[in-house]
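Take a look at the structure below.
Quick caveat: nothing in here was measured; it's all calculated off a predicted structure.
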Amino acid sequence: MYKHVVVPVSFDEDRDAAGALEIAGAVLAEDGQITILHVIEQIPAYAVSYLPGAYMSQQREASESAVEKLAGETPKATGVVVSGHSGRKIVDWAEEHGADCIVIASHRPGMHDLLLGSTAQFVVRHANCAVHVVR
């Protein structure tokens with residue numbers, strides 16, 4: 001059983017956040033904690049000028065609200081929203097905060113992904129803790 005499980009969530013339709021949270025609950029120690037982590041991808045500087053002025057703050061508020069709601073529905077869970085490259089940020093955050101397991105949902109890959117989605121693949125290859133992939 002794991003003491004600190006990180007569950008990265010994406011709000012894309014093809015991600016199974018509910019399944020990942022169910023697995024996290026199943027592998028969590030009785031006195032453990034779950035962190036629901038959402039990463040807001042950085043938008044390249046050249047593209048930011050084409051977006052409405054409040055776009056990024058609205059995105060962050062919507063993400064924080066969605067993560068709070070999910071954490072409120074999940075026993076022993078807290079929510080965190082961060083910005084950066086998804087795969088790298090998930091791995092770094094988990095290591096910095098002492099996670100001993102990451103449970104990540106992966107979409108159904110196409111030929112370009114081979115076996116896993118790009119974020120899940122990065123996390124599997126670079127995380128210093130156990131990783132469970134849910135499809």
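- Applying the salt bridge (charged side-chain N to carboxylate O under 4.0 Å, His left out) test to residues at least two apart or on different chains, the pairs with a partner in residues 77-89 are R88-D92.
- Listed for the T74 side chain is no donor-acceptor partner under 3.5 Å among the backbone atoms of A71.
- Nearest heavy-atom pair across G32 and K76 is O-CD, 3.6 Å.
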Pair up each side-chain donor or acceptor in residues 21-31 with any protein partner under 3.5 Å, not counting sequence neighbours, and list the distances.
unit_1, atom_1, unit_2, atom_2, d
D31, OD1, K3, NZ, 3.1
D31, OD2, K3, NZ, 2.4

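- Within the structure, no pair that satisfies the salt bridge (charged side-chain N to carboxylate O under 4.0 Å, His left out) test touches residues 45-58, not counting sequence neighbours.
- E73 is linked by a side-chain hydrogen bond (donor to acceptor under 3.5 Å, both in side chains) to K69, counting only residues two or more places apart in sequence or in another chain.
- Taking every heavy atom of both residues into account, S106 and V133 meet most closely at CB-CG1, 3.7 Å.
- Shortest non-hydrogen contact noted between I34 and P75 is CD1-O, 4.0 Å.
- Not counting sequence neighbours, the partners of E64 by the side-chain hydrogen bond (donor to acceptor under 3.5 Å, both in side chains) test are R60.
- E95 pairs by the side-chain hydrogen bond (donor to acceptor under 3.5 Å, both in side chains) definition with N128, not counting sequence neighbours.
- With sequence neighbours left out, I43 forms a side-chain contact (heavy atoms from CB on, under 4.5 Å) with A47, V48, L51, Y55, M56.
- Note on residues 57-93: pairs passing ring-ring contact (aromatic ring centres under 6.0 Å, His included), not counting sequence neighbours, are H85-F122, W93-H97.
- Looking at V39, V124, I104 one by one, the single match for side-chain contact (heavy atoms from CB on, under 4.5 Å) with T119 turns out to be I104.
- The stretch residues 42-53 participates, sequence neighbours left out, in no salt bridge (charged side-chain N to carboxylate O under 4.0 Å, His left out) pair at all.
- Applying the side-chain hydrogen bond (donor to acceptor under 3.5 Å, both in side chains) rule to Q33 yields the partners H4; only residues at least two apart in sequence or on another chain are considered.
- Judged as a ring-ring contact (aromatic ring centres under 6.0 Å, His included), the pairs with a partner in residues 27-54 (not counting sequence neighbours) are, in order, F11-H38.
- Between I102 and P8, some side-chain heavy-atom pair lies under the 4.5 Å cut-off.
- Between T35 and V5, every side-chain heavy-atom pair lies at or beyond the 4.5 Å cut-off.
- Across every non-hydrogen atom of Q42 and S83, the tightest pair is NE2-CB, 3.6 Å.
- Distance OG/S63 to CD/E68: 11.5 Å, rounded to 0.5 Å.
- Residues I40 and V82 are not in side-chain contact: their nearest non-hydrogen atoms beyond the backbone lie 4.5 Å or more apart.
- A pairwise comparison of heavy atoms in A99 and C129 identifies O-CB, 3.7 Å as the closest pair.
- V9 has its side chain out of reach of L37: every pair of non-hydrogen atoms, C-beta onward, lies at least 4.5 Å apart.
- Side-chain atoms of S65 do not come within 3.5 Å of backbone N or O of E61 as any donor-acceptor pair.
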